[in-house]
Every structure is written in C-alpha cells, then in structure tokens.
**Student:** 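Pasting in a structure now, in structure tokens, and then I'll have a few things to ask.
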2 protein chains.
Amino acid sequence: MRRPTLEAVATRAGVSKSTVSRVVNGEPTVASDIRDLVMRAVNELGYVPNPAARSLVTRRTDSIAVIVSDPPTGLVSDDPMFSTVVRAASREFEAAGKQVVLMLAGSDDARLRARQFVAARHVDAVMLVSMHGADPLPAALATTGVPLVSHGRPAFWEGAPWVDNDNVGGAAQAVRHLLERGRRRIATISGPLDMSAAQDRLSAYREVLSETGRRSIVAIGDFTRISGAEAMAQLLEDDPALDAVFAANDLMAIGAMRALRRAGRRVPDDVAVVGFDDIEAALYTDPPLTTVRSPMGEQAAASARLLLGLLRGEDAAPVILPTQLVIRESS
Amino acid sequence: MRRPTLEAVATRAGVSKSTVSRVVNGEPTVASDIRDLVMRAVNELGYVPNPAARSLVTRRTDSIAVIVSDPPTGLVSDDPMFSTVVRAASREFEAAGKQVVLMLAGSDDARLRARQFVAARHVDAVMLVSMHGADPLPAALATTGVPLVSHGRPAFWEGAPWVDNDNVGGAAQAVRHLLERGRRRIATISGPLDMSAAQDRLSAYREVLSETGRRSIVAIGDFTRISGAEAMAQLLEDDPALDAVFAANDLMAIGAMRALRRAGRRVPDDVAVVGFDDIEAALYTDPPLTTVRSPMGEQAAASARLLLGLLRGEDAAPVILPTQLVIRESS
DNA sequence: CGGTTTTGCGGGAGCGCTCCCTGAAGTGTG
DNA sequence: CACACTTCAGGGAGCGCTCCCGCAAAACCG
C-alpha cells in the first residue's frame, strides 16, 4: 500500500540504508556488485526517493520559482512574451535538473504569498520576469537571502543581477532607420513608464530626435495591442501630419496598424511603422512589420543560466544582449 | 543564522510545540490569549514553517504539476494557448493555495523525468495540457495513482476526466456559416491528427459537407502559423477554384491569410476564411477574422477546478463547454 | 457536591532521508 | 610478518514538523 522506503530497499538487497542512499545518489564509493544488487532491489520495488525527506535534511529543494508579474485583469492574456520566456527558462532549468514553480504576482495577495513561499525556502532560487518599477516584491525577496535574478533590468531597484537586451541601442536604430527613410514627423508609442524597457526605448527615441533637432510626439501604452490602437488614435489626433511611428513593442505596433487602417492611412505609404521585439506575429501583419529583434528566448535562457551559476556559487554581473533591426515592408 | 523552528517559537512563547503547530495551522481549539502570545512570537522571530518537514508527515505537498506538451523545436514559441491556459490555471490553483509546478514534456527524457517526479509524489495532482494522442505520458502517470485531469480530451486514451470545448459543434457552425454565405468549394486546414481537437474539428467539417453533398478539400497543419501558410499554398495548388477555407485554429488561419495575400487572392472577396479559438490576434488581422470562440481561459479554469474537486474527494465527469461563432469580416 | 464529560494543552513518536562516525576488511611497505 | 594506511559498508542521530494520546482543569448535570 505505502510506497517503499530506503529501508525496504536495504532489507531487500541485504545491505544498509546508507549503502542504498549512496547508490541512489550516485556516489562512486560503492563496489559495483553491491551497486547492481541495490539497483535490482530498487527496480523490483519501484522505489522512488521521497523528496520531502531528502530536502528536509539537505536543505535543498532543487526547484526554482519563476515569478511573473501578472495583470489582475485577465485581458492581456495571449502575451507572446510569457510563452517564450517561460518556455525558454523552463527548458534551461529542467536541463539542469531543477523544477520550475510558476508564480503569478498579480495581486498584493499573490505577492504576499510569493514572499512567504520564498521565505519558507520552498525554492532554492528565484527568477523574476517583467517586474514593474513600483513593485515591492523584488526588494522583499532580496531580504530572504535567496539567490535572485531578473529577466529584464528592474526599474528603480539594483539588488540582483539581470539580463536585458539593448533597448537603448535597438530603439535608436529603429528611429534612425525612419529618419533615413526620409520620415520627418516621427511619433512613438511608449510602454508603461514603470518598466525599464519602456523607459530606455523612450529615452533613446527622444535622444535621437533631439540630436537631429526634431520634436518628440509621444503617447503612452501598456504593451498591449489595444493600448497601441488607442495610443495611435491619440497620436493622429495630436498630429494628423505624422508620417511615422515607432511602437515600443510589436503588440502595440499591431494595434497601431489597425488604428491607422481605420483612420484611412496606408502603411507604409502614409505612415511608416516600426515595432520592437520581432515576435512571430510581426511576420504575418499586412504589410509585414519592420521591427527590432530582441532575443527574448535567449534572454530568458541567459537569465536562467545566470541563476544556475549563482547557485553554484559563481558570481554574476548584468548582461546586455544585442538587438538587430529587421526591415520588412511597414517602413 | 539558521531559520527559527517551531520549537524556537514554542520556547519564546512559553508553550509547547503542539500548541504552536495548532496556532500556525489555524485550529480553533486554542484559547485566544494563547493564540495571541504565539502569534507575537511568530512575528518576532519571523517564523515560517518548513514545507519539507510538513509534507514529510502530512504526505501532502500542496502543489500541482501542470504538464504541457512542448515541441522539441523552439519554433512554435509565441503560442497564445500556452499563455492563456497556464495563466488561467495558475490563478485558479493559487487561489486554492496550491503551488504550480510547470513541466514541459517535450522530449522523451523530459517525459521520463515528469513520470519520476510525479511518482515521487512531489505533487499532489497533475493537470495535462494539449497532449498528443501518441503520447505515452498520460497512461504512465495514471499508474502512479495521482489524481489527473486533462485540459482537452486526450486522443486514444480514456483514463482521466477532461474539460474540452465543443469542437464538433463549433466546427460545424463554422462550415455551415460558410455555406450560408454562398461558398461552394470549402477547404479546411486541419490540425495534427493525433490531437482530439483536430480530429473533432475535421470530422465535423467532413460531416457537414457530406450532408450537403460536397466534397472535402483537406490539408494538414500543426496548429502553427507557418503550417497554416504552407497548407494554404498546398490547397490553392490542389484546387485553385476554392472559395473558402476553414482553418482548425486562428494561428493557421492567420498563416493562411498571408498565403492567400501572396497568391493574389482577396479575403473575403475571393476566398472566405474562418478560424477557430478567437485568440486576441484574430481581432487585428486585415480583415478581422471570423472565428469560433472557444473559451480557452474558462476551459483551463474549469480543468483546474475539476482537479481541485478530485483532490477533495469529489468525483468528476468530463465537461464540454459551448463555443460560439464570431462573425467578422473575413467571411 | 461527587461524578462525568468537555475543553485545552503538553509529551513524544515517527515521517524518510542524509551524513558523520566507526569499524572491518583489503592494500602496501620495510 | 607487523604495521600503517586506504577502501568501503553499517549504525545511528537528527532534520522540523504533525498528530495521537494522555492528563489536568473547567464545565455540566442530577
């Protein structure tokens, strides 16, 4: 009825618990005939170690929390970032023999639970994903002493290594590209300003425009399609003569293109559009979207590896991955 | 240095371990003044229960594995299904105080690890997501005796309750809609036939067409955009005169629309397109996509609730959620 | 007011594992 | 051949918690 224990295996194999433990944990100091004896007993009984008992004594759990800031509204549901990042990180962790515990830090309640969870050492380490600047969770987690890494540089907080892509360089490249195409009234749709990616992309946009003596035309979105459409409508109202728009991510660029279509503007003839991220959907818009490729999967994998390094006692410095302009037909 | 234990709290509060345990677990049989005393000690010491010790004796882990079949190729990365389903299920589980352990069952190795993981009772229950028919994992998991539920009816296997949407009804509705619009040569792009959703949608398509004496024109995709585009190209080659296509999901419909555009066909003038799922992107295609809304988030939440019910000892029957045709401008 | 039940707390065994320590063989050396 | 040294297996404490049992005091009853 009850699952076999170490002791049962030991009895069956005619050896001690210690020996079975050694075999199960792959220690080399066991004679090979005894090892075989034990392995046979393990297979016959279908023995699987009890992880709770193990981690009670080792103080390791071999699992890692991936904490994703989740909007309380269920609206922004089919977020390509989530899928790409979580999958890439999971693969990396699983390859290292770590379990992934996924936590959504949407509400204050969820954040509290996450804090407690980590404090209870239910996990050995934490990877934070897309944290907003105002979020108190990173700092709270840092006090638990658990190794921490952030996917994306956290805004307003410098307590853990992070991996980000070159938001400033990528955005600058995008805007310069529009200038080279002869566009003169270039607007931008920014992401939420409590996120560092949005801050960086916006300030790079401003920088490049002010270098060339042009003025900024800015609307703020929240990285969702719908917000991109709304921001675009606002921009057209503010400056009907604009001839280009740089959206801080592809989702908003897609929304912007719909808004432009509805307003009777042709892309790229009347208004050029450039996005950021190069999600798969950017290939399927009409026209296909010019965008800045940010290696989100790579970034997530790098974050995961950084964290695994920390766990091995290595120390870790922030990493910035390069981006690349992908020119398609929307500009 | 070391984290405070139950015993430390007990000493501090001047009570026994048992009493502290009772307070921490919210048992009502403790006098309120003693409860306050204990709570104060808990807060002063920053005590957090050790989950490993707890689950060693209770034989519960309060965590649930969500196992998602993951293609080994990292190509199909920004899958809206993944994001929606994982988020919705997570929210449901977290609300019930359960932790979510995410596992990707992409490779045989990963499947083996998942099996071992569940056999070790690292989790109390398992939710399977988008399992393919050929996958041996569900049956393997069933032998562990862990409560199991499947998001989507598994093909070729009847071992656990599941929640699905009305694939047959939805697909039939879509095809009838195309007929009502006067379309006469209606093709379909099916999903991979080892998944029940693909099977059901295809057979409903065939059913409706044969009822009206028309022939089927079928191409097979794998639920990705690119496969939709390829399948569409194939269909145009097979039957250049087709005037409508029903894609078994929106992602493939989006790919199909691109292929149609490239082939110089107008949507819906030359070819009407209907998708399935109603992902958010369906609103942003040009023209906006007619599709069958399947409540993926609801379905995931329902699966989660079903599993939580099993865990409480309730028994569970399969659930089928209704779908609804959403008519936009692509048909 | 004596006896019985109820209430509330403490004692302590035991969950299944790891890892330190001990000791018995086996190996090498002068 | 005596001795030190290495190799490899067993014994057993202890990780932090829950939960059963027991007991004292309070509450209830006729």
Side-chain angles (χ1 to χ4, degrees), chain A residues 1-42 45-63 97 116-117 119-124, chain B residues 1-42 45-63 97 116-117 119-124:
Chain A
M1 194 77 262
R2 185 167 281 189
R3 296 168 48 203
T5 68
L6 250 200
E7 187 128 36
V9 176
T11 306
R12 174 122 188 172
V15 297
S16 74
K17 281 170 26 177
S18 313
T19 301
V20 177
S21 173
R22 277 186 278 261
V23 171
V24 168
N25 292 293
E27 282 176 39
T29 67
V30 181
S32 62
D33 52 340
I34 293 207
R35 178 186 307 276
D36 293 345
L37 205 62
V38 171
M39 285 310 293
R40 191 173 315 127
V42 165
L45 295 176
Y47 170 73
V48 184
N50 180 321
R54 176 177 280 171
S55 74
L56 178 57
V57 36
T58 60
R59 296 163 194 291
R60 283 182 296 101
T61 61
D62 290 329
S63 56
Q116 284 291 98
F117 188 73
R121 289 293 190 283
H122 218 306
V123 289
D124 298 339
Chain B
M1 195 79 264
R2 185 166 282 188
R3 296 168 48 202
T5 67
L6 248 201
E7 187 128 38
V9 176
T11 306
R12 175 121 186 172
V15 296
S16 74
K17 280 171 26 177
S18 312
T19 301
V20 177
S21 174
R22 278 186 276 260
V23 171
V24 168
N25 291 294
E27 282 175 39
T29 68
V30 181
S32 63
D33 52 340
I34 293 207
R35 177 185 307 275
D36 294 345
L37 205 61
V38 171
M39 285 310 293
R40 193 173 313 130
V42 165
L45 295 176
Y47 170 75
V48 184
N50 181 323
R54 175 176 284 170
S55 73
L56 179 57
V57 36
T58 59
R59 294 160 197 290
R60 283 182 296 102
T61 62
D62 291 329
S63 56
Q116 285 289 96
F117 189 74
R121 291 292 191 281
H122 219 309
V123 288
D124 298 338

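None of the values given here were measured: they were computed from a predicted structure.
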**Student:** Is any side-chain heavy atom of A:R22 closer than 4.5 Å to a side-chain heavy atom of A:T19?
**Tutor:**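 A side-chain contact exists here, since the closest heavy-atom pair is under 4.5 Å.
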
**Student:** Provide the closest heavy-atom pair for B:T61 versus A:H122 in the form atom of the first, atom of the second, distance.
**Tutor:**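 Where B:T61 meets A:H122 most closely, the heavy atoms are O-NE2, 4.5 Å.
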
**Student:** Hey, could you give me the CG/CZ distance between A:L37 and A:R40, rounded to the nearest 0.5 Å?
**Tutor:**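 Going from CG on A:L37 over to CZ on A:R40, the span is 6.0 Å.
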
**Student:** What's the CG-C1' distance between A:D33 and C:dG26, to the nearest Å?
**Tutor:**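 My rounded result for the distance is 14 Å.
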
**Student:** Tell me the closest heavy-atom pair linking A:R35 and A:E27, and the distance in Å.
**Tutor:**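 Where A:R35 meets A:E27 most closely, the heavy atoms are NH2-O, 3.1 Å.
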
**Student:** Pairs in or reaching into residues 46-59 of chain B: which pass side-chain hydrogen bond (donor to acceptor under 3.5 Å, both in side chains), with residues at least two apart or in two chains?
**Tutor:** B:N25-B:R54

**Student:** Are there runs of at least three consecutive Watson-Crick or G-U pairs touching DNA chain D, with each pair's two distances under 3.5 angstrom? Give them by first number.
**Tutor:**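 Stem list for DNA chain D: C:1-30 with D:1-30.
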
**Student:** If you restrict it to nitrogen or oxygen atoms, what contacts under 3.5 Å exist between nucleotides 10-17 of chain C and the protein, and what is each distance?
**Tutor:**
{"unit_1": "C:dG10", "atom_1": "OP1", "unit_2": "B:S16", "atom_2": "N", "d": "3.4"}
{"unit_1": "C:dG10", "atom_1": "OP2", "unit_2": "B:S16", "atom_2": "N", "d": "2.9"}
{"unit_1": "C:dG10", "atom_1": "OP2", "unit_2": "B:S16", "atom_2": "OG", "d": "2.8"}
{"unit_1": "C:dG10", "atom_1": "OP2", "unit_2": "B:T19", "atom_2": "OG1", "d": "2.3"}
{"unit_1": "C:dG10", "atom_1": "O5'", "unit_2": "B:S16", "atom_2": "OG", "d": "3.4"}
{"unit_1": "C:dG10", "atom_1": "N7", "unit_2": "B:R22", "atom_2": "NH2", "d": "2.9"}
{"unit_1": "C:dG11", "atom_1": "N7", "unit_2": "B:S18", "atom_2": "OG", "d": "3.2"}
{"unit_1": "C:dG11", "atom_1": "O6", "unit_2": "B:S18", "atom_2": "OG", "d": "2.8"}
{"unit_1": "C:dG12", "atom_1": "O6", "unit_2": "B:S18", "atom_2": "OG", "d": "3.3"}
{"unit_1": "C:dC15", "atom_1": "O3'", "unit_2": "B:R59", "atom_2": "NH2", "d": "2.9"}
{"unit_1": "C:dG16", "atom_1": "OP1", "unit_2": "B:R59", "atom_2": "NH1", "d": "3.4"}
{"unit_1": "C:dG16", "atom_1": "OP1", "unit_2": "B:R59", "atom_2": "NH2", "d": "3.2"}
{"unit_1": "C:dC17", "atom_1": "OP1", "unit_2": "A:Y47", "atom_2": "OH", "d": "2.5"}
{"unit_1": "C:dC17", "atom_1": "OP1", "unit_2": "A:N50", "atom_2": "N", "d": "3.1"}
{"unit_1": "C:dC17", "atom_1": "OP2", "unit_2": "A:L6", "atom_2": "N", "d": "2.4"}
{"unit_1": "C:dC17", "atom_1": "N4", "unit_2": "A:K17", "atom_2": "NZ", "d": "2.9"}

**Student:** Going from CG on A:L6 to OG1 on A:T11, what distance comes out if it is rounded to the nearest 0.5 angstrom?
**Tutor:** 10.0 Å

**Student:** Write down the atom of A:V20, the atom of A:A10, and the distance for their closest heavy-atom approach.
**Tutor:** CG2-CA, 3.6 Å

**Student:** Tell me: CD of A:E27 to C1' of C:dC19, nearest whole Å?
**Tutor:** 9 Å

**Student:** I need the minimum non-hydrogen distance between B:A120 and A:P51, along with the two atoms involved.
**Tutor:**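 Closest approach of B:A120 to A:P51, heavy atoms only: O-CD, 3.2 Å.
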
